[in-house]
Amino acid sequence: MIAAILRDESYIGNLIFNRRSWKLRQTRTYNPPEQWIRVEGCLEPIVDREVFGKVAKFISERRVDLTEEEMIVRLRRALLKEGKLSKGIIDRTPGLPCVATCQTHFGSLRNLYRLLGYTPRRNYEFLESRPVWSELKTRLASRIEAAARKAGFRTSTGGWTDSLRVNGSICVSIRAARWTPGLEETHSPHWTIQCDTHVPAGWIAAIRLAAHNKDVLDYVLLPTDGKVKRTIRFSDRARERRDITCFKSPDALVRAITRKLTRQARAFRPKLGPLNKQPKTDLPRTKNGRARH
């Protein structure tokens, strides 16, 4: 919103022309601000000019060209002051490059934290292995869809991310369950499944990752009533209590999903009752006992 306001002074009642210029069949060029044509006060402002000016000044002060060495110095200074670093701290601290700039220069926030000698509490190993499990999720979704179609079901994405809708009413959501170590050495690890707020009712098929989220441990299947929280956590001890089934291979998981789809489809299939016999009508009879038509 703020960036849009700064690009468009119509929020304070001004119209600006000649921002760009071009000739026929030529590339458009952006003109410097001194060549802009500004007409002030021709529209009713919806943003106070003083507020607009303060925001513009704040952003312009942040838009400075810094070397990577200077970025590191400023970020380390912010780390010493705040005691920690995060996306929110970096974006709201004046004089620091924004998070997008940091990622462009250093590859990722994790690489930046390594350069600063900072170890965040959050475990970033799961994010580093995202390309691996993201590809595995895509393959698993394709296998489930192919098996469902082979069994005679209709499939579609249904408008949900990483989800498959079968016969328009049954949903299978594909997720990854990331490994998280226990708080203490004696504590057991647990697994976390991140869900969208709109995960529909059906099943969640998840790839359970092994220690440090670098390899696949197994595959799990759990039911959902459409009211799940954004985060599902479970341990090996709580798995049976929460009706979470494990499978050693994706083929076993796909076969189990196909069986569940078949059983649920049969349960929803309307049952036809016995055919009603037409009642006999009493027709007038002749003297010899035959019915008169």
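Not measured: the values here are computed from a predicted model.
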Checklist line | Electrostatic pair Lys54:Asp48 at N-O distance under 4.0 angstrom | finding: no
Notebook entry, point to check: Between Arg74 and Gly95, is there a donor-acceptor pair closer than 3.5 Å when you use the side chain of the first and the backbone of the second?
Noted result: yes
Notebook entry, point to check: Do the side chains of Leu222 and Ile193 get nearer than 4.5 Å, heavy atoms only?
Noted result: yes
Note to self: List the residues meeting side-chain contact (heavy atoms from CB on, under 4.5 Å) with Arg241, not counting sequence neighbours, and say none if there are none.
What the structure shows: Ala238
Next item on the list: Could you walk me through whether Lys260 and Leu221 pass side-chain contact (heavy atoms from CB on, under 4.5 Å), step by step?
Entry: CA-CA 11 Å; Lys260 289 182 177 293; Leu221 183 65; 3.6 Å; yes
Check: Under 3.5 Å, side chain of Arg239 to main-chain N/O of Phe234, donor-acceptor pair present?
Finding: no
Next item on the list: For atom CD of Gln35, decide whether the heavy atoms of other residues, nucleotides or ligands shown that lie under 6.0 angstrom number more than 12.
Entry: yes
Checklist line | CG-CG distance between Leu261 and Leu164, expressed to the nearest 0.5 angstrom | finding: 8.5 Å
Check: Does the side chain of Trp133 come within less than 4.5 Å of Val216's, by heavy atoms?
Finding: no
Next item on the list: Please report the closest heavy-atom contact between Tyr219 and Leu253, naming both atoms and the distance.
Entry: CB-CD2, 3.8 Å
Next item on the list: Check whether any side-chain heavy atom of Asn14 sits under 4.5 Å from a side-chain heavy atom of Arg49, and report yes or no.
Entry: yes
Notebook entry, point to check: Would you say Asn167's side chain and Thr155's backbone share a donor-acceptor pair under 3.5 angstrom?
Noted result: no
Check: Any side-chain heavy atom of Leu112 sitting closer than 4.5 Å to one from Leu109?
Finding: yes
Note to self: So, taking the atom named NE2 in His105 and the one named CG in Leu115, what distance separates them when rounded to the nearest 0.5 Å?
What the structure shows: 13.0 Å
Notebook entry, point to check: Hey, does Thr192 have a side-chain heavy atom less than 4.5 Å from the side chain of His190?
Noted result: yes
Next item on the list: Show the numbers, then the answer: is there a side-chain contact (heavy atoms from CB on, under 4.5 Å) between Arg237 and Ser188?
Entry: CA-CA 9 Å; Arg237 181 177 298 179; Ser188 300; 5.5 Å; no
Note to self: Run the side-chain contact (heavy atoms from CB on, under 4.5 Å) test against Arg76 and tell me which residues pass, sequence neighbours left out.
What the structure shows: Ile72, Leu116
Note to self: A side-chain contact here means heavy atoms from C-beta on lying under 4.5 Å apart; do Gln264 and Val166 qualify?
What the structure shows: no
Margin query: Is there a continuous path of hydrophobic side-chain contacts, each under 4.5 Å between heavy atoms, that joins Ile90 to Val73?
Written below: no
Notebook entry, point to check: Looking only at heavy atoms, which two atoms of Pro189 and Trp191 are closest? And how far apart?
Noted result: O-CZ3, 3.9 Å
Notebook entry, point to check: Hey, what do you get for CZ (Arg110) to CD (Gln103), rounding to the nearest 0.5 Å?
Noted result: 14.0 Å
Notebook entry, point to check: Has the side chain of Asp91 got a donor or acceptor atom that lies under 3.5 Å from a matching backbone atom of Cys98?
Noted result: no
Check: Okay, side chain of Asn31, backbone of Asn18: is any donor-acceptor separation there less than 3.5 Å?
Finding: yes
Margin query: Please report the interatomic distance CZ(Arg149) to CD1(Ile144), rounded to the nearest 0.5 Å.
Written below: 13.5 Å
Check: At their closest point, which heavy atom of Tyr30 faces which heavy atom of Arg20, and how far apart are they?
Finding: CE2-CD, 3.3 Å
Check: Does the side chain of Leu140 come within less than 4.5 Å of Val254's, by heavy atoms?
Finding: yes
Next item on the list: Tell me, please, whether Trp36 has Arg19 positioned over its six-membered ring: NZ or CZ under 6.0 Å from the ring centre and within 45 degrees of its axis?
Entry: yes
Item checked: Side chain to side chain, Phe247 and Arg255, heavy atoms closer than 4.5 Å -> no
Notebook entry, point to check: Around Glu50, counting heavy atoms of other residues, nucleotides and ligands shown, do more than 12 lie under 6.0 Å from its CD?
Noted result: no
Item checked: Straight-line distance of Ile257 CD1 to Glu145 CD, nearest 0.5 Å -> 12.5 Å
Item checked: Verdict with supporting geometry, Tyr118 and Tyr113, ring pair (Phe, Tyr, Trp, His ring centres under 6.0 Å) -> CA-CA 5 Å; Tyr118 171 60; Tyr113 292 160; 5.1 Å; yes
Next item on the list: Examine distances only and state if a side-chain atom of Arg242 and a backbone atom of Ser235 form a donor-acceptor pair shorter than 3.5 Å.
Entry: no
Check: Between atom CG of Leu217 and atom CZ of Arg208, what is the distance when rounded to the nearest 0.5 Å?
Finding: 4.5 Å
Checklist line | From CA spacing to verdict: side-chain contact (heavy atoms from CB on, under 4.5 Å), Ile12, Glu9 | finding: CA-CA 6 Å; Ile12 57 174; Glu9 290 189 14; 4.3 Å; yes
Margin query: Would Arg175 and Ser163 count as a side-chain contact (heavy atoms from CB on, under 4.5 Å) here? Give the steps.
Written below: CA-CA 9 Å; Arg175 297 290 187 271; Ser163 296; 4.2 Å; yes
Next item on the list: Identify the heavy atoms of Met71 and Pro97 that sit nearest to each other, and give their distance.
Entry: CG-CG, 3.9 Å
Notebook entry, point to check: Linking I/L/V/M/F/W/Y whenever their side-chain heavy atoms sit closer than 4.5 Å, directly or via other members, would Leu80 and Leu75 fall into one cluster?
Noted result: no
Check: Which ILVMFWY residues can you reach from Ile37 by hopping between side chains whose heavy atoms are under 4.5 Å apart?
Finding: Leu15, Phe17, Val39, Leu43
